[in-house]
Amino acid sequence: GSSSEIQRFQMQPLGEYVVHRLDNITTPFRYRAVGGDDRTMAWTRLTLVEPPRIVESEITLHPPAYTGQQPRQTEGNMRVLVATRLTARARTNKPLSAVTLETNTMGGSTAIDLQLDRDQSGFALKGDQQRWTILQSGYYGFRLVDQDGLDVGIFNQGEVTAVRDLPPTVSLRRPAADLSVTPTARLPLEAIVKDDLAIRQVALRFDLSTAADQPQRVISLWEGPDEIEAGADPVERDDGVQTTVEFVWDLTELPAMRPGEWIDFHVTARDYKSQAGESVVRRITFISPEELAERIGQRQSELLTEIAEIV
């Protein structure tokens with residue numbers, strides 16, 4: 001163009017060089033550097049090219065097999081269960097020379113070179129040879145390099161929130177404390193079991209003071225199906241699942257227990273990841289029918305005294 005179209009900028013020294021930065025370039029232009037009376041540098045033309053970008057993308061979540069969840073598609077920011085495997089496929093607006101998945105969700109900063117399609121305008125992470133498995137919360141994105149070798153940075157960056165599958169919790173509501181009973185008692189038990197996904201098994205486990213050298217005894221209280229039933233995505237639920245287990249424990253079915261002997265027991269629960277949770281331990285101490293009658297009489301007397309004081 002004419003000299004009136006020429007713009008001049010003062011360059012700044014940077015070590016052995018002089019530099020100037022132009023931002024937000026939208027049109028092609030020519031440039032050269034001059035200094036003093038030296039104007040011999042030839043003009044260089046800068047041509048703008050459209051950078052590659054992702055125009056279609058599809059990320060598929062493959063939850064752990066034990067969850068019973070089917071693969072589902074997602075994009076952008078995501079919440080996933082730890083140990084979920086991801087596959088991806090995308091198309092770009094122009095051919096590429098390379099594409100890399102960059103993420104820190106696998107326990108550290110990881111770069112996975114992805115396979116380009118035949119036309120080099122798309123790529124895939126299939127998961128058969130390259131694994132992207134979520135182990136922790138973090139970020140992900142796809143670094144694109146065009147066919148001229150220009151690295152245009154990371155596209156489709158997103159945040160991953162990794163949700164851990166926690167063990168079940170067990171709250172023993174009845175009995176609410178240690179207690180004393182006769183060897184012929186029928187003891188009502190009630191436990192509340194919670195899990196963030198699904199409960200596989202609930203059991204009563206106990207030890208007899210008369211059999212301290214023997215393995216812990218187990219009574220099954222509740223059994224789920226062999227495989228978890230597919231339902232709502234567990235990471236979208238805040239309350240998880242809960243079940244109340246009730247059981248009447250007939251103590252006459254135990255080996256004959258004498259006054260002064262005891263049982264320590266608790267309730268355990270297991271989920272489909274084979275994680276276990278357990279309640280507090282309660283102790284049942286055995287007393288004779290005569291001692292039970294004496295305790296009842298004493299308690300009745302105490303109650304009558306309290307009532308008399310009130311009225």
Side-chain angles (χ1 to χ4, degrees), residues 66 165-229 231 239-311:
Y66 75 87
D165 181 4
L166 300 176
T169 62
V170 185
S171 176
L172 186 58
R173 295 189 60 182
R174 287 196 299 170
D178 297 342
L179 72 166
S180 299
V181 300
T182 66
T184 59
R186 290 168 57 85
L187 180 63
L189 302 179
E190 181 181 347
I192 296 177
V193 183
K194 297 180 181 180
D195 190 70
D196 43 17
L197 181 57
I199 302 163
R200 175 68 179 86
Q201 183 186 66
V202 182
L204 172 67
R205 299 178 181 271
F206 60 97
D207 296 294
L208 306 178
S209 61
T210 57
D213 58 341
Q214 296 182 10
Q216 193 172 62
R217 304 186 182 209
V218 181
I219 298 175
S220 177
L221 302 182
W222 188 87
E223 294 278 346
D226 291 338
E227 295 182 356
I228 193 170
E229 298 177 355
D239 53 349
V241 296
Q242 173 178 312
T243 187
T244 299
V245 178
E246 297 179 328
F247 176 68
V248 177
W249 194 2
D250 187 350
L251 300 179
T252 63
E253 297 177 355
L254 300 174
M257 303 296 288
R258 296 178 297 181
E261 296 173 342
W262 48 263
I263 297 174
D264 282 344
F265 75 94
H266 63 284
V267 177
T268 63
R270 184 165 57 88
D271 63 14
Y272 284 84
K273 195 181 178 184
S274 295
Q275 300 178 120
E278 60 184 43
S279 72
V280 298
V281 177
R282 296 272 186 253
R283 172 165 289 192
I284 302 172
T285 302
F286 291 96
I287 59 176
S288 66
E290 293 77 17
E291 184 177 355
L292 176 62
E294 181 181 345
R295 292 189 181 189
I296 292 174
Q298 181 179 355
R299 181 56 181 156
Q300 288 176 337
S301 177
E302 292 173 352
L303 290 174
L304 289 173
T305 301
E306 292 176 3
I307 293 172
E309 291 176 351
I310 295 173
V311 300

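Keep in mind it's a predicted model, so treat the numbers as computed, not measured. Throughout, numbering of the chain's residues begins at 1 and tracks the sequence.
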So do the side chains of Leu172 and Arg282 get within less than 4.5 Å of each other, counting heavy atoms only? yes
Mind checking whether Val181 and Leu251 have side chains closer than 4.5 Å, heavy atoms only? yes
Go through the steps to decide whether Phe206 and Trp262 satisfy the test ring-ring contact (aromatic ring centres under 6.0 Å, His included), and finish with yes or no. CA-CA 10 Å; Phe206 60 97; Trp262 48 263; over 10 Å; no
Looking at Arg217 and Ala211, what are the two nearest heavy atoms and their distance? NH2-CB, 4.2 Å
From CD1 (Ile219) to CD (Glu253), nearest 0.5 Å: 7.5 Å
Does any non-hydrogen side-chain atom of Val241 lie less than 4.5 Å from one of Ile199? yes
Would you say the side chain of Gln242 lies within less than 4.5 Å of the side chain of Ile192, judging by non-hydrogen atoms? yes
Looking at every non-hydrogen atom in both residues, tell me the closest pair between Ala191 and Val170 and how far apart they are. CB-CG1, 4.3 Å
Rounded to the nearest 0.5 Å, what separation is found between the CZ atom of Phe265 and the CG atom of Leu187? 6.0 Å
Indicate whether the side chain of Asp165 and that of Tyr66 have a donor and an acceptor atom separated by less than 3.5 Å. yes
Between Trp222 and Phe247, does the ring centre distance come in under 6.0 Å? no
Atom pair OG1 (Thr285) and CG (Asp264), whose distance is rounded to the nearest 0.5 Å: 8.5 Å
When rounded to the nearest 0.5 angstrom, what is the spacing between CZ in Arg205 and CD in Gln216? 6.0 Å
Start with the C-alpha distance between Thr268 and Val202, add both sets of side-chain angles, then the distance that settles side-chain contact (heavy atoms from CB on, under 4.5 Å), and finish with yes or no. CA-CA 6 Å; Thr268 63; Val202 182; over 6 Å; no
Main-chain N/O of Val267 paired with Ser279 side-chain donor or acceptor, under 3.5 Å: yes
Quick one: does any side-chain atom of Asp178 pair with a main-chain N or O of Arg283 as donor and acceptor, under 3.5 Å? yes
For Val193 and Ala269 the tightest heavy-atom approach is CG1-CB, 3.5 Å
Looking at every heavy atom in both Thr210 and Met257, which two are closest together, and how far apart are they? OG1-SD, 4.0 Å
Once rounded to the nearest 0.5 Å, what's the spacing between atom NZ of Lys273 and atom CG of Asp195? 10.5 Å
How long is the span from the OG1 atom in Thr182 to the CG atom in Leu292, to the nearest 0.5 Å? 6.0 Å
Work out which heavy atom in Ala276 is nearest to a heavy atom in Pro167; give both atom names and the distance. O-CB, 3.6 Å
Flag the pair Pro183 / Phe286 as yes when at least one side-chain heavy-atom distance between them is below 4.5 Å, and no otherwise. yes
For side-chain contact (heavy atoms from CB on, under 4.5 Å), just list the numbers for Leu166 and Gln275, CA-CA rounded to whole Å, side-chain angles, deciding distance to a tenth of an Å, and then say yes or no. CA-CA 8 Å; Leu166 300 176; Gln275 300 178 120; 5.7 Å; no
Kindly indicate, with the supporting measurements, whether the criterion salt bridge (Lys or Arg N to Asp or Glu O under 4.0 Å) is fulfilled by Arg200 and Asp271. CA-CA 5 Å; Arg200 175 68 179 86; Asp271 63 14; over 6 Å; no
Please answer whether the main-chain N or O of Arg258 pairs with a side-chain N or O of Glu261 as donor and acceptor at a distance below 3.5 Å. yes
Show every salt bridge (charged side-chain N to carboxylate O under 4.0 Å, His left out) that has at least one partner inside residues 183-194, sequence neighbours left out. Arg173-Glu190, Arg174-Glu190, Arg186-Asp250
